[in-house]
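A short worksheet on the structure shown next.
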Number of protein chains: 2
Amino acid sequence: MSITIYDVAREANVSMATVSRVVNGNQNVKPATRKKVLDCIERLGYRPNAVARGLASKKTTTIGVIVPDISKSYYAELSRGIADIATMYEYNIILSNSDKRMTREMELFDDLLGKQVDGLIFMSDSLSEEIKKEMSTANVPIVLAGTLDSSTDLATVNIDHEQAAYDAVKKLIDNGHTRISHVSGPLTRDINRYCKKVGYERAIKEAGLPVYEEYFIETDNTYDDAYEKWRILRQLDEKPTAIFAGNDDIAVGMMNGIRDDGYSIPDDIEIICFQHTLLSRAVRPQLTSIVVPLYDLGAVSMRLLTKMMNGEEVTESNVLLPYRMEERQSTK
Amino acid sequence: MSITIYDVAREANVSMATVSRVVNGNQNVKPATRKKVLDCIERLGYRPNAVARGLASKKTTTIGVIVPDISKSYYAELSRGIADIATMYEYNIILSNSDKRMTREMELFDDLLGKQVDGLIFMSDSLSEEIKKEMSTANVPIVLAGTLDSSTDLATVNIDHEQAAYDAVKKLIDNGHTRISHVSGPLTRDINRYCKKVGYERAIKEAGLPVYEEYFIETDNTYDDAYEKWRILRQLDEKPTAIFAGNDDIAVGMMNGIRDDGYSIPDDIEIICFQHTLLSRAVRPQLTSIVVPLYDLGAVSMRLLTKMMNGEEVTESNVLLPYRMEERQSTK
DNA sequence: TTGAAAGCGCTAACAC
DNA sequence: GTGTTAGCGCTTTCAA
């Protein structure tokens with residue numbers, strides 16, 4: 001049916017090996033021959049079959065990306081970073097959604113290895129033992145993007161969430177607050193449990209303040225849930241005067257709950273959050289935020305993966321990227 | 001290195017043909033033999049090589065998706081719809097970003113065909129002649145998702161953007177407005193030029209109102225640009241009293257420009273927009289919107305593609321999905 | 001119900 | 001510089 005390397009070889013009166021050399025840019029081809037072959041390729045409309053190539057060479061120039069949910073802008077932005085670097089190094093990406101379900105993660109993992117991907121970038125809330133075991137037996141390089149690995153034997157790319165959370169809460173403390181609530185995403189996400197919450201508590205304790213359990217609110221990361229959960233804080237005798245929110249969806253949900261109740265931001269309550277989306281800047285007042293470099297998280301992960309796939313020596317396989325705080329209108 | 005079908009065959013004392021039958025669920029295998037083979041597969045940890053399978057069978061169970069920019073929530077949401085149906089039918093997705101650049105689209109197209117994808121879902125602002133030609137010679141099924149094809153010989157899935165725009169503007173007219181501005185996305189996007197703008201003008205004309213050129217504002221689809229472009233409208237002698245915005249980013253940009261100027265929404269100016277993201281509901285006042293079923297657009301596209309890949313007869317290959325209007329606080 | 005064998009389209013020694 | 005050839009790991013006739 002379609003044109004093969006053999007057709008080109010016959011048309012150009014050379015062997016398929018020569019055509020292969022031309023296609024792969026091998027220098028051991030006489031310029032005249034190269035031109036002749038190139039002409040035939042053009043004329044016949046030959047397009048190399050990457051599947052056959054993959055079988056013969058054991059390289060597919062394809063990597064797998066397992067992401068909880070690409071429709072979440074957090075992962076979409078991160079994936080774009082991965083994709084751009086992948087393009088730069090001429091890799092394709094097989095993108096799959098896990099919904100953070102462990103069985104699904106295992107399935108996808110197996111599936112992608114079956115497809116002979118050259119490498120894998122993995123994102124999840126938390127690494128199960130099963131997945132870790134599966135990863136340790138896989139014979140392709142793996143990078144965890146924005147995902148914690150307590151044992152640190154896997155390559156990871158992150159920001160220092162603990163310190164970032166500390167910075168955010170410190171800012172509120174410096175503004176004179178003593179009753180600071182942490183409205184968090186789900187604690188099933190390691191970054192929330194072991195980084196942001198820890199940083200929050202460290203800042204509070206360092207300031208000599210008590211850590212009130214009632215001021216810790218767990219949400220499912222959605223605007224709607226955060227909006228509802230404001231009710232819990234509002235009925236407290238001693239309401240918080242400042243909120244550290246796990247991300248901007250949560251912050252805006254809280255903010256709207258607060259304002260629908262007649263309170264003012266930042267006059268009555270100040271808010272600071274991790275920024276994952278445009279939302280932080282689009283709402284009024286604009287939210288003071290820890291800006292998370294999502295694109296870079298993806299890009300650096302992919303760059304690291306290319307090094308591993310090339311067998312290059314990787315000096316630091318647990319990368320921490322810089323972040324910054326942007327002061328806007330939700331704090332004074 | 002890794003376990004092949006041949007290893008399993010030897011271990012189970014059968015031919016590779018039999019192992020292949022077991023793996024592929026072929027019924028012509030004695031139950032006892034099947035069990036024996038399955039045991040060996042389990043014991044050896046055999047994982048079929050999808051590349052070899054693809055070469056032999058000429059099916060990769062992989063489809064290509066070309067998207068302008070996955071970091072835009074519009075495409076991220078749509079892609080999730082594609083992905084879920086793909087999973088259901090056991091296809092993987094190679095996801096690539098084109099940034100709407102035609103040369104990049106051509107490259108990707110060629111690249112994906114080289115990877116022997118079984119089908120392709122394509123999204124773009126507009127179909128170039130080059131791409132259409134390339135598509136017509138491709139020997140795999142192609143579906144355009146949220147992308148116009150004037151010649152209608154390609155399969156497409158859309159909503160009736162023209163009618164939706166008409167409905168939106170009609171709503172504003174019914175609310176008594178006569179000076180209605182259309183703040184559009186770029187006219188290089190066919191849906192903006194040939195659907196939304198046309199629907200806007202149809203509604204205006206049908207109401208016996210004049211179409212003022214000054215009321216048409218083109219933006220680059222971003223919040224920031226829309227925020228800036230408010231300046232153009234504000235300096236008009238006769239400012240519009242209502243705005244039909246191409247999407248929620250634009251609407252929020254406009255809204256913030258308007259309010260930073262001291263005007264009130266909806267009292268001074270009413271706004272209605274196409275909703276692509278959470279933004280419409282997260283801002284205050286919440287935006288009255290045409291809710292675009294992005295997820296469904298993707299899901300239906302993928303379902304259509306599976307039918308085409310199966311060689312099933314497709315009765316309607318230009319699908320229009322329903323949409324709805326949700327009245328919120330930015331209109332009275 | 002099972003096996004033998006011929007490819008699928010390409011890469012990569014190895015030989016010339 | 002170029003050609004020959006043996007796989008890569010699997011599916012799929014065709015026989016038995």
Side-chain angles (χ1 to χ4, degrees), chain A residues 1-38 40-41 44-62 90 110-111 113-118 139-140, chain B residues 1-38 40-41 44-62 90 110-111 113-118 139-140:
Chain A
M1 4 219 295
S2 65
I3 314 298
T4 73
I5 198 172
Y6 182 73
D7 298 320
V8 177
R10 187 157 31 80
E11 182 81 4
N13 273 312
V14 297
S15 71
M16 21 185 307
T18 299
V19 179
S20 177
R21 288 191 186 96
V22 170
V23 169
N24 292 295
N26 186 316
Q27 286 307 305
N28 293 333
V29 182
K30 193 160 55 172
T33 314
R34 174 184 310 281
K35 178 164 185 349
K36 187 172 57 173
V37 171
L38 250 18
C40 290
I41 287 178
L44 297 180
Y46 168 68
R47 173 186 293 133
N49 181 325
V51 173
R53 194 189 289 215
L55 184 59
S57 70
K58 298 180 170 301
K59 289 199 172 315
T60 55
T61 63
T62 300
E90 306 201 279
D110 209 54
D111 188 24
L113 292 182
K115 294 253 167 163
Q116 312 301 118
V117 293
D118 295 336
N139 54 349
V140 299
Chain B
M1 2 221 296
S2 65
I3 314 297
T4 72
I5 198 172
Y6 182 73
D7 299 319
V8 177
R10 188 156 31 80
E11 182 81 5
N13 273 312
V14 297
S15 70
M16 22 184 306
T18 298
V19 179
S20 176
R21 289 190 187 97
V22 170
V23 169
N24 293 294
N26 187 315
Q27 286 307 305
N28 294 333
V29 182
K30 196 161 53 171
T33 312
R34 174 184 311 280
K35 177 164 185 350
K36 187 172 56 174
V37 170
L38 251 17
C40 291
I41 288 178
L44 298 180
Y46 168 67
R47 175 186 291 134
N49 181 324
V51 173
R53 194 190 288 217
L55 183 59
S57 70
K58 298 181 169 299
K59 289 195 172 317
T60 55
T61 62
T62 300
E90 307 200 279
D110 207 55
D111 188 25
L113 291 182
K115 294 253 168 163
Q116 313 301 117
V117 293
D118 295 335
N139 54 348
V140 300

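Just so it is clear, the model here is predicted, and its values are computed rather than measured.
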- Is any side-chain nitrogen or oxygen of Lys58(B) closer than 4.0 Å to OP1 or OP2 of dG9(C)? yes
- Task: Measure the CD-OG1 distance between Glu90(B) and Thr62(B) for me, rounded to the nearest 0.5 Å.
- Result: 12.0 Å
- Task: Report yes if a side-chain nitrogen or oxygen of Thr33(B) is closer than 4.0 Å to either non-bridging phosphate oxygen (OP1 or OP2) of dT1(C); otherwise report no.
- Result: no
- Note on the structure: All heavy atoms of Val51(B) vs all of Leu55(A), minimum pair found to be CG1-N, 3.5 Å
- Item | Whole angstrom value for the distance that separates P of dG9(C) from CG of Leu113(B) | 15 Å
- Task: Answer yes or no: is there a side-chain heavy-atom contact under 4.5 Å between Val14(B) and Thr33(B)?
- Result: yes
- Message: Tell me the interatomic distance from Ile5(A), atom CD1, to dT5(D), atom P, rounded to whole angstroms.
- Response: 16 Å
- Query: What integer distance in Å separates Asn49(B):CG from dT11(D):C1'?
  - Reply: 13 Å
- Message: Rounding to an integer number of Å, can you tell me how far Tyr6(B) OH sits from dG7(D) P?
- Response: 12 Å
- Task: For residues 7-16 of chain A, pull every pair meeting salt bridge (Lys or Arg N to Asp or Glu O under 4.0 Å), keeping only residues two or more places apart or in separate chains.
- Result: Asp7(A)-Arg10(A), Glu11(A)-Arg43(A)
- Which atoms form the tightest heavy-atom contact between Ile5(B) and Tyr46(B), and what is the distance? N-CE1, 3.4 Å
- Write down the distance between CG (Leu55(A)) and P (dT11(D)), rounded to a whole number of angstrom. 12 Å
- Task: Using the closest heavy atom to pick a nucleotide of DNA chain C for each, name whichever of Ser57(B) or Pro31(B) lands nearer the 5' end.
- Result: Pro31(B)
- Under 4.5 Å between any side-chain heavy atoms of Ile3(A) and Arg47(A), yes or no? no
- Note on the structure: Value for CD (Gln116(A)) from CG (Asn139(A)), rounded to nearest 0.5 Å, stands at 8.5 Å
- First locate atom OG of Ser2(A), then atom CG of Leu113(B), and finally report the distance between them rounded to the nearest 0.5 Å. 10.5 Å
- Message: For the backbone of Thr60(A) and the side chain of Lys115(B), can you confirm whether one donor and one acceptor N or O come within less than 3.5 Å of each other?
- Response: yes
- Task: In whole angstrom, give the distance that lies between atom CZ of Arg53(B) and atom C1' of dC10(D).
- Result: 8 Å
- In numerical order, the residues of residues 7-17 of chain B whose heavy atoms come under 4.0 Å of DNA chain D are Met16(B), Ala17(B)
- Query: Quick one, which residues of residues 19-29 of chain A touch DNA chain D with a heavy atom under 4.0 Å?
  - Reply: Arg21(A), Asn28(A), Val29(A)
- Note on the structure: Here the gap from Asn49(B) atom CG to Thr4(B) atom OG1, rounded to the nearest 0.5 Å, amounts to 9.5 Å
- Message: In this structure, how many angstroms lie between the C1' atom of dT2(C) and the CZ atom of Arg34(B), rounded?
- Response: 13 Å
- Task: Could you list the residues that satisfy side chain to side chain donor-acceptor pair (under 3.5 Å) with Lys59(A), not counting sequence neighbours?
- Result: none
- Query: If an axis is fit to five pairs at each end of the helix from dT1(C)-dA16(D) to dC16(C)-dG1(D), what is the angle between the two, to the nearest 10°?
  - Reply: 30°
- Message: Distance check needed: dG9(D) C1' versus Gln116(A) CD, whole Å only.
- Response: 9 Å
Quiz: residues 18-29 of chain B side-chain donor-acceptor pairs under 3.5 angstrom, not counting sequence neighbours:
unit_1   : atom_1 : unit_2   : atom_2 : d
Thr18(B) : OG1    : Ser15(B) : OG     : 3.4
Ser20(B) : OG     : Asn24(B) : ND2    : 3.3
Asn24(B) : OD1    : Arg53(B) : NH1    : 3.4
Asn24(B) : ND2    : Ser20(B) : O      : 2.8
Asn26(B) : OD1    : Asn28(B) : N      : 2.8
Gln27(B) : NE2    : Gly25(B) : O      : 3.4

- Item | Tyr46(B) vs dC10(D): side-chain N/O to OP1/OP2 distance below 4.0 Å | yes
- Item | Toward the 5' end of DNA chain C, by each residue's nearest nucleotide, Ala56(B) or Thr18(B) | Thr18(B)
